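Quantities reported herein were computed from a predicted structural model and do not represent experimental measurements.
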Number of protein chains: 2
Amino acid sequence: MYSIGDLSRRTGVKIPTIRYYEQMGLLEAPERSEGNQRRYEKRELERLAFIRHARDLGLSIEAIRDLLALSRHPERPCGEADRIATEHLASVREKIARLRKLESELERIVACHGDHTIGDCYVIRALADHSMCGTDH
Amino acid sequence: MYSIGDLSRRTGVKIPTIRYYEQMGLLEAPERSEGNQRRYEKRELERLAFIRHARDLGLSIEAIRDLLALSRHPERPCGEADRIATEHLASVREKIARLRKLESELERIVACHGDHTIGDCYVIRALADHSMCGTDH
DNA sequence: CTCATATCTATAGTCGCTGGAGTATTTAGA
DNA sequence: TCTAAATACTCCAGCGACTATAGATATGAG
Ligand SMILES: [Zn+2]
Ligand SMILES: [Zn+2]
Ligand SMILES: [Zn+2]
Ligand SMILES: [Zn+2]
C-alpha cells in the first residue's frame, strides 16, 4: 500500500497532479485509509507511470484516457492505439515545422546586432513589418 | 478613425483579443465615441500589427510589452531589444530540440504496427516502460 | 501522548485567448 | 424619420494541464 506521497516520489508526479489525474478520470478513485487518505496498490503505481510517460511524450489527457480504456481489452485489435500514436507523431512534426519557420525568421531578425539605437534597431523594424519576413508563419 | 471591427479586419486579430490586449496594457485605451465605442487612429493600427506579428513569432505578452516600451525611446541603445529576441530564439531552439526527441521516440513506437491486439501492441508496451526509450525526454 | 510531517478538500491562479449573455449604439435603407 | 440589422459594449466563464495556496485533519516516530 502506497500513500499519495509514495506514489509521487516513485513516479516523479507531484501530489496535486496525481489528484488532478484522478479528477480527470485517468486514475480510479483509490481505497482510503480510516482517516480518508488515499491508499494505492502496485497496479495504480504502474498506471501512473504509464500516464507520466505518455505525458512526457506529449500525449493529451484525452488521448491517454483513450489508451488506458483500450488497454483494458487486451484481446481487441490495436488499430485505435496505433492511430492515436500516429496522429500524435504527426502533430509533433507539425509543431517542429512551425517552430523551424520561427527559428529561421528569428535568426534573421537577431543577426543584425551591434551598437545601434532603438530607432534603427532591426529587431523592432522587423517586428513592425511582416513583409520583411521570408516565410509566412 | 477605425472602429474595433475595422482594426480586427485589417490585422486579423479577433475583436475580443483586441480588448484583451488593451486590458493587458499592450494597447492604450483609445478614444471613445459618444456612445462609448472604441475609436482608433492609424498609430494604433500599426501598433496592433506589431503585436500580432510578434505574437505570430511566439513572443510572450510580457516580452511584447517590454519591446513596445523600448520603442518609445528611439534614441536609446537597443541592447535590451536584441536580448529579448535572442532569448526567444534560444527558447524556440530548445523547444525544437525537445520535440525532436519526442519525434524520434514516437517514430520508434509507431514503427511496429500491423495486425495485432492491444495485448501485444508495441505502442501500449512502449508507453508503459520508459526504459525502452533511447533518450530521456 | 506529543508533535512534526503528511494529507485532506476547496478554491484560485497561470497563459493567451475565445465565446456567450444581455444590453446599448451605430448605420443604412424605406 | 423611423426601423431593423449590424456592430459594439461589459462582465464573466471556459480551455488545458497543471500548481499553489489556506485551513483542517490524519499519521507515525519518539
Ligand atoms: Zn537592435
Ligand atoms: Zn513575419
Ligand atoms: Zn499496436
Ligand atoms: Zn520514454
Check against side-chain contact (heavy atoms from CB on, under 4.5 Å), A:Val13 and A:Leu7: CA-CA 8 Å; A:Val13 178; A:Leu7 236 67; over 6 Å; no
Do A:His53 and B:His137 come within less than 4.5 Å of each other through their side chains, counting heavy atoms only? yes
Do A:Arg83 and A:Glu87 have side chains that approach each other closer than 4.5 Å (heavy atoms only, starting at C-beta)? yes
Run the salt-bridge test on [X] and [Y] with the 4.0 Å N-O cut-off and return the result as yes or no.
X        : Y        : answer
A:Asp129 : A:Arg125 : no
B:Glu105 : B:Arg100 : no
A:Glu22  : A:Arg38  : yes
A:Glu107 : B:Arg93  : yes
A:Arg72  : A:Glu28  : yes

Enumerate the residues from [range] whose closest heavy atom to DNA chain C is under 4.0 Å, giving them by residue number; use none for an empty result.
range                     : answer
residues 37-50 of chain A : A:Gln37, A:Arg38
residues 56-70 of chain A : none
residues 2-32 of chain A  : A:Ser3, A:Ile4, A:Gly5, A:Ile15, A:Arg19, A:Arg32

Path from A:Ile18 to A:Leu68 over hydrophobic side-chain contacts below 4.5 Å: yes
Test your reading of the model: is there a side-chain donor-acceptor pair from B:His88 to the backbone of B:Leu57, 3.5 Å cut-off? yes
Residue-phosphate contact under 4.0 Å: A:Ser33 side-chain N/O, D:dA26 OP1/OP2: no
Which whole-number value in Å describes the distance from A:Glu34 CD to D:dA26 P? 10 Å
